[in-house]
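Given the structure is predicted, the values throughout are model-derived calculations rather than measurements.
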Amino acid sequence: MIQETLLSFITIAIELTILFLGISFLIYLFQGFIPYERMESLMDKSHPLISAGIAVLFAFVTPFCSCSTIPIVVHLLRNHIRFPIVMIFLFASPVLDITILTLMTAILGWKVALFYTLITSTLSIIVGFSLHGLGYEKQLKPVIMENYSPPTSTNKVNVNRAILETWAHMKSVYPFLIIGAAIGAFIHGAVPEEWITDYMGGEHWWLVPIAAVLGLPLYIRLSTMIPISQMMIAKGMALGPVMALMISSAGASLPEVTLLHSIFKKKLVFTFVGSVIAMSTLSGFLFYLI
C-alpha cells in the first residue's frame, strides 16, 4: 500500500508541476497584452449585460484567490464602477482562475471544466444583479485604500517578468498543489473504493449542501482540491459534492469574510456568505446532470 501511495503521489506531483509551470508562464508572458484599462472602462459604460460579461472575463484574467480579490474590488468601487458589476467580479474572481481551470481541464476533463465555468459565471451574474435589485448597494462602507497598484497593460512580452511572476505564483500556490497531490495519493492507496461509493456516491444528495457549508471554514484552495477531487471521483464519489466543496471553499474563505467586514456592512457580509453557499449547493446539484 505504501509503495502504491508513494508512486501515485510522485505521478500526480510531476504531472501537476509540469502543467502548473507551463500554464502560469504562458499566462504571465502574455499578460501585458490584456487591456485592463479598457475592460474597466467597458464595465463602467457598457450595457449592464455586456458589463457583466466583461466582469466575468476580468475575473478570468486576474488570477486572484478570494482574499487577494478584495483590493481590486475596493479599487473598482472607488472608481465608481456599478455595484452589480463589482459584485459579479467579487463572486467570479476566486472561482475562475484561468490557471486552475486549465489544470481542471487536464485532470478532470473538458466537460467538467466547461460546465464548472458556465455554472459559476452564470450564478455570479444572477447573484450580482439580484443584490443590486434588493438594494444592497446601501450596505457599502466608505473605504480608503493605500499602496495598491491595479494591473495595467504594457503591450509587450517580458520574459524576465514572466519568470518572476511565475516563481511568485508558484511560491504562493504550489505548496497547496503538493498538499492536494499528497492527500489524493493517500486516498488512492489507502481509502477503499467501496467505502467511498457506499457513503459518498450519487444516491446521497444531502452531501451537496453539507459540502457547501463545510467548504467555508476549511478554506481548501482550488489548487489543493483538484488532485483530491480527481482521486475521490475515480474512487466513486459523486461529482456534485466535490464541486460544491470546491466552489464554497474558494468563493468565501474565513479570511476573506473578515476582510469584507472592512468594506461591507454586516447585512451584506452575511448575504455574501449565504449567496456563496447557495451558489455552491445549486452548482453541486446541477453537476448531477453530467
Side-chain angles (χ1 to χ4, degrees), residues 19-20 23-24 26-28 30-31 34-36 39-40 42-43 49-73 75-76 81 84-129 131 150-151 169 172-173 176-177 180 212 215-216 219-226 229 239 242-253 256 260 272 275-284 286-287 290:
L19 286 169
F20 181 81
I23 296 163
S24 297
L26 289 174
I27 289 170
Y28 287 117
F30 296 104
Q31 195 172 40
I34 298 172
Y36 289 109
M39 293 175 72
E40 190 172 317
L42 288 172
M43 283 192 287
L49 290 179
I50 295 176
S51 296
I54 297 296
V56 171
L57 182 60
F58 196 54
F60 267 108
V61 298
T62 49
F64 299 133
C65 67
S66 56
C67 292
S68 53
T69 297
I70 305 302
I72 200 166
V73 166
H75 168 75
L76 293 174
I81 304 299
I85 307 305
V86 178
M87 291 299 101
I88 291 169
F89 172 80
L90 175 63
F91 283 101
S93 180
V95 296
L96 291 177
D97 185 321
I98 191 170
T99 306
I100 302 303
L101 287 173
T102 309
L103 285 175
M104 185 184 294
T105 303
I107 301 299
L108 301 178
W110 68 268
K111 287 184 179 180
V112 172
L114 178 61
F115 205 62
Y116 171 91
T117 302
L118 291 175
I119 289 174
T120 51
S121 299
T122 302
L123 292 179
S124 296
I125 292 171
I126 291 172
V127 172
F129 283 124
L131 292 179
H169 193 199
S172 64
V173 176
F176 296 97
L177 277 175
L216 297 178
Y219 189 29
I220 305 175
R221 295 178 65 133
L222 284 175
S223 51
T224 306
M225 271 301 298
I226 288 176
S229 61
L239 189 58
V242 173
M243 290 301 162
L245 180 65
M246 187 180 293
I247 293 169
S248 66
S249 60
S253 64
E256 181 192 18
L260 285 175
F272 171 80
S275 298
V276 171
I277 293 174
M279 283 176 58
S280 306
T281 303
L282 181 56
S283 299
L286 289 173
F287 266 98
I290 65 172

Show me, pair by pair, the donor-acceptor contacts under 3.5 angstrom made by side chains of residues 49-56, not counting sequence neighbours?
from	atom 1	to	atom 2	distance (Å)
Ser51	OG	Leu42	O	3.2
Ser51	OG	Met43	O	3.2
Ser51	OG	Ser46	O	3.3
Ser51	OG	His47	O	3.2
Ser51	OG	Arg82	NH2	2.5

Can any side-chain N or O of Thr120 pair as donor or acceptor with the backbone N or O of Thr117 at less than 3.5 Å?
yes
Over all heavy atoms of both residues, which pair between Ile247 and Ser283 is shortest? Give the atoms and the distance, please.
CD1-CB, 3.5 Å
Roughly how far, to the nearest 0.5 Å, is CD1 of Ile126 from CG of Leu131?
12.0 Å
Can you measure from OG (Ser229) to CE (Met104) and round to the nearest 0.5 angstrom?
7.0 Å
Among residues at least two apart in sequence or on other chains, which ones pass side chain to side chain contact (heavy atoms under 4.5 Å, CB included) with Ala92?
Ala59, Leu96, Ser124
To the nearest 0.5 Å, how far apart are CD1 in Ile125 and CD1 in Ile85?
8.5 Å
Using distance only, find each side-chain donor-acceptor pair of residues 106-115 under 3.5 Å and give its atom names and separation, not counting sequence neighbours.
none

Begin from the C-alpha positions of Val242 and Phe287 and carry the test side chain to side chain contact (heavy atoms under 4.5 Å, CB included) through to its verdict.
CA-CA 9 Å; Val242 173; Phe287 266 98; over 6 Å; no
Could you walk me through whether Leu123 and Phe91 pass side chain to side chain contact (heavy atoms under 4.5 Å, CB included), step by step?
CA-CA 9 Å; Leu123 292 179; Phe91 283 101; over 6 Å; no
Could you go step by step and tell me if Phe272 and Leu90 meet the side chain to side chain contact (heavy atoms under 4.5 Å, CB included) rule?
CA-CA 10 Å; Phe272 171 80; Leu90 175 63; 3.8 Å; yes
From OG1 (Thr105) to CG (Leu101), nearest 0.5 Å:
6.5 Å
Once rounded to the nearest 0.5 Å, what's the spacing between atom CE of Met243 and atom CG of Leu286?
12.5 Å
Spatial distance of atom CE (Met87) from atom CD1 (Ile81) [nearest 0.5 Å]:
12.0 Å
Listed partners of Phe129 passing ring pair (Phe, Tyr, Trp, His ring centres under 6.0 Å), at least two apart
none
